[in-house]
Amino acid sequence: AARGALPLPRLLLLLLLLLLLLPAASAEPELRFRPPAEAPVRLFTEPELARYDGHQEGQPIYLAVKGVVFDVTSGKEFYGKGAPYNALVGKDSTRGVAKMSLDPADLTHDTTGLTEEELKSLDDIFNNVYKAKYPIVGYTSRRILNEDGSPNLDFKPEDQPHFSIKDEF
């Protein structure tokens with residue numbers, strides 16, 4: 001036998017082992033369904049969202065507007081700990097964004113009583129700042145669920161074609 005070559009009985013044994021293992025690998029059941037092209041939506045409760053308030057080093061910074069949770073980590077100089085808009089993060093700050101207010105009373109999802117002008121401003125900032133600049137990482141439970149906890153059948157995810165789906169999704 002050539003130097004370094006396996007003796008014939010050992011080679012046959014190795015081939016036999018491979019043949020025994022191969023059918024087992026290919027006998028795995030094939031998936032009956034294809035995962036959706038879009039990743040599933042991540043739901044955030046208020047306490048979960050509060051964890052992403054920019055105060056923990058190495059943790060992403062999330063801000064919700066109109067029930068849509070954006071990853072604003074790339075704007076750390078605006079939203080990070082001690083930054084000018086840090087009060088907005090870790091919660092749904094829809095009213096504050098609409099009124100351009102950092103007043104703690106305005107840092108809520110509640111849009112009751114906003115003027116037409118404030119609602120138009122909210123839509124402009126939502127579409128031209130947040131949706132244009134920051135990836136969507138999920139939705140608040142208030143946006144996806146009804147008051148009684150049942151799924152909101154009218155829920156439609158926001159379209160954001162210029163961002164790729166994140167791995168954590």
Side-chain angles (χ1 to χ4, degrees), residues 30-169:
E30 207 173 304
L31 290 179
R32 294 237 166 90
F33 66 92
R34 293 250 176 268
E38 291 174 27
V41 168
R42 182 165 171 198
L43 180 141
F44 288 88
T45 61
E46 285 182 31
E48 283 174 323
L49 191 53
R51 289 188 218 145
Y52 301 95
D53 65 358
H55 285 84
Q56 257 188 299
E57 207 49 51
Q59 184 88 303
I61 305 168
Y62 293 165
L63 160 68
V65 180
K66 293 171 69 170
V68 180
V69 181
F70 295 95
D71 182 341
V72 296
T73 311
S74 65
K76 198 175 191 167
E77 66 276 15
F78 303 110
Y79 300 104
K81 186 178 180 180
Y85 302 120
N86 178 255
L88 295 171
V89 300
K91 60 183 77 73
D92 189 324
S93 296
T94 302
R95 185 179 198 82
V97 169
K99 294 180 78 172
M100 295 190 180
S101 165
L102 295 175
D103 180 328
D106 289 328
L107 302 180
T108 174
H109 69 280
D110 191 3
T111 57
T112 309
L114 290 179
T115 65
E116 279 300 312
E117 200 175 299
E118 288 166 337
L119 290 169
K120 185 183 178 334
S121 171
L122 172 63
D123 283 341
D124 287 346
I125 295 168
F126 178 75
N127 290 309
N128 302 323
V129 176
Y130 292 107
K131 277 180 72 173
K133 249 177 129 167
Y134 301 108
I136 295 171
V137 292
Y139 297 87
T140 61
S141 52
R142 184 173 273 108
R143 170 95 185 243
I144 296 179
L145 304 174
N146 296 316
E147 290 289 321
D148 65 1
S150 63
N152 172 4
L153 300 177
D154 296 326
F155 171 77
K156 300 265 185 300
E158 291 293 325
D159 184 35
Q160 200 183 31
H162 51 283
F163 282 108
S164 59
I165 299 297
K166 304 196 86 162
D167 294 340
E168 68 181 270
F169 239 37

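For the pair Lys133/Val72, no side-chain contact is recorded, criterion being any heavy-atom separation below 4.5 Å from C-beta on.
Judged by distance alone, with hydrogens and angles left aside, the side-chain atoms of Arg42 form no donor-acceptor pair with the main-chain N or O of Val137 at under 3.5 Å. Side-chain atoms of Asn146 never come within 3.5 Å of backbone atoms of Asp148 as a donor-acceptor pair (strictly under, hydrogens ignored).
Residue Glu77 comes nearest to Ala83 through the heavy atom pair O-CB, 3.3 Å, listed as atom of the first residue, atom of the second, then distance. Taking every heavy atom of both residues into account, Pro60 and Thr73 meet most closely at CA-OG1, 3.3 Å. Thr140 approaches Ala64 most closely through the heavy-atom pair CG2-CB, 3.8 Å.
The distance between the ring centers of Tyr134 and Phe70 does not fall below 6.0 angstrom.
The distance from the NZ atom of Lys99 to the OG1 atom of Thr111 is 11.5 Å, given to the nearest 0.5 Å. For the atom pair CG of Leu122 and OH of Tyr130, the computed distance is 10.0 Å after rounding to the nearest 0.5 Å. Taken to the nearest 0.5 Å, the NE2 atom of His55 stands 9.5 Å off from the CD1 atom of Ile61. Summarising the geometry, atom CZ belonging to Phe155 is positioned 9.0 Å from atom CG belonging to Leu43; distances are rounded to the nearest 0.5 Å. The NZ atom of Lys120 sits 14.5 Å away from atom CG of Leu114, with the distance rounded to the nearest 0.5 Å. Taking CD1 of Ile144 as the start and CZ of Phe44 as the end, the distance is 9.5 Å to the nearest 0.5 Å.
Under the side chain to side chain contact (heavy atoms under 4.5 Å, CB included) criterion, Ser121 pairs with Met100, Ile125, not counting sequence neighbours. For Ser141, there are no side-chain hydrogen bond (donor to acceptor under 3.5 Å, both in side chains) partners two or more places apart in sequence or in a different chain.
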What side-chain donor-acceptor pairs closer than 3.5 Å can you find for residues 85-93, not counting sequence neighbours?
unit_1, atom_1, unit_2, atom_2, d
Asn86, ND2, Asp53, O, 2.9
Asn86, ND2, Tyr79, O, 2.9
Asn86, ND2, Gly80, O, 3.2
Lys91, NZ, Ala87, O, 2.7
Lys91, NZ, Val89, O, 3.4
Asp92, OD1, Thr94, N, 3.1
Asp92, OD1, Thr94, OG1, 2.4
Asp92, OD2, Gly67, N, 3.0
Ser93, OG, Leu88, O, 2.6

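A salt bridge links Glu158 with Arg143: the closest approach of a Lys/Arg side-chain nitrogen to an acidic carboxylate oxygen falls below 4.0 angstrom. Using a cutoff of 4.0 Å between basic side-chain nitrogens and carboxylate oxygens, Glu46 and Arg142 are scored as salt-bridged.
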Decide yes or no on salt bridge (Lys or Arg N to Asp or Glu O under 4.0 Å) for Lys131 and Asp159, but give the supporting numbers first.
CA-CA 9 Å; Lys131 277 180 72 173; Asp159 184 35; over 6 Å; no
